[in-house]
Amino acid sequence: MNNQIVPGAQDTISLKEAEAITTNWRAYIQNYEPADKYIRAFNIPMVDITELAEFYKCTSVRAYLAMEIPGDISTLKIILVPVDPLGNDILSIPGTDDGAVATEQSTIYDLTSPCPQICDINSPLFQS
C-alpha cells in the first residue's frame with residue numbers, strides 16, 4: 001500500500017517548467033563559473049525538514065544562501081530556519097536549565113549538501 005502524500009497542484013510546477021527555469025540558472029551561472037564549480041541543486045535531509053516542521057510556532061521555513069569560503073561558489077550552501085506566524089525567524093529556543101544557567105538551542109540548520117558534491121546526473125533538471 002502506498003501511503004505517499006500527493007502534493008496539491010498549487011504547490012507544484014510541471015517538469016517542462018522546472019527544466020526551463022533550471023536551464024535558465026545554468027545558462028546564467030556558467031558565464032561566471034566553470035560547470036564543475038557552480039551549484040546546480042541542494043540535497044536537504046528529510047530529518048531536517050521533519051524537525052523544522054515540528055516547531056510549535058513554525059508556520060514556514062526560510063532558506064538563506066550562504067558561502068563557507070568567500071568568493072568560492074563551490075562552497076555555496078543553504079541554511080534553514082523556522083519562521084513564526086508573524087514572519088520572524090526563530091533562531092533559537094530555550095534549552096536545558098541545569099539550575100544555574102539556562103541555555104538556548106539553535107534552530108538554524110546547516111546540513112544541506114550542494115550539487116555537484118551530491119547530484120543526480122541523470123535528472124533532466126541537472127543536464128546542461
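Keep in mind that the numbers below use all heavy atoms, side chains included, and drop hydrogens, waters and symmetry copies.
- Across all their heavy atoms, Ile78 and Ala63 have their closest contact at CG2-CB, 3.5 Å.
- Residues that satisfy the side-chain hydrogen bond (donor to acceptor under 3.5 Å, both in side chains) test with Asp72, not counting sequence neighbours, are Ser74.
- Summarising the geometry, atom OH belonging to Tyr109 is positioned 6.5 Å from atom CG belonging to Asp48; distances are rounded to the nearest 0.5 Å.
- Taking the side-chain hydrogen bond (donor to acceptor under 3.5 Å, both in side chains) definition, one finds that Ser106 meets it with nothing, sequence neighbours left out.
- Within the 3.5 Å criterion, the main-chain N or O of Gln105 finds no donor-acceptor partner in the side chain of Ser92.
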Check step by step if side chain to side chain donor-acceptor pair (under 3.5 Å) holds for Thr75 and Glu68. CA-CA 5 Å; Thr75 66; Glu68 285 189 299; 5.5 Å; no
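- The side-chain hydrogen bond (donor to acceptor under 3.5 Å, both in side chains) check on Glu19 picks up nothing, with sequence neighbours excluded.
- The stretch residues 82-95 participates, sequence neighbours left out, in these salt bridge (Lys or Arg N to Asp or Glu O under 4.0 Å) pairs: Arg62-Asp89.
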Go through it in stages, so that I can follow the logic: the residues are Ile73 and Ile29, the test is side chain to side chain contact (heavy atoms under 4.5 Å, CB included), and I'd like the CA-CA distance, side-chain angles, deciding distance and then a yes or no. CA-CA 10 Å; Ile73 198 165; Ile29 198 65; 3.5 Å; yes
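- Linking Ile, Leu, Val, Met, Phe, Trp and Tyr whenever their side-chain heavy atoms come within less than 4.5 Å leaves Met67 and Ile69 in two separate clusters.
- Scanning both residues, Pro82 and Thr107, for their nearest heavy atoms gives CD-O, 3.3 Å.
- Met46 and Ile44 fall within a single hydrophobic cluster, where Ile, Leu, Val, Met, Phe, Trp and Tyr are joined by side-chain heavy atoms under 4.5 Å apart, directly or via other members.
- With a 4.5 Å cut-off on side-chain heavy atoms, Asp110 and Leu80 do not count as touching.
- Cluster partners of Leu91 are Tyr64, Ile79, Val81, Ile108, counting Ile, Leu, Val, Met, Phe, Trp and Tyr whose side-chain heavy atoms approach within less than 4.5 Å, directly or via other members.
- Other residues, nucleotides and ligands place no more than 12 heavy atoms under 6.0 Å from the CD1 atom of Ile121.
- Residues satisfying the side-chain contact (heavy atoms from CB on, under 4.5 Å) test with Thr22, not counting sequence neighbours, are Arg26, Leu125.
- Rounding to the nearest 0.5 angstrom, the gap separating the CG atom in Asn31 from the OH atom in Tyr38 is 10.0 Å.
- Within the 3.5 Å criterion, the main-chain N or O of Ile39 finds a donor-acceptor partner in the side chain of Trp25.
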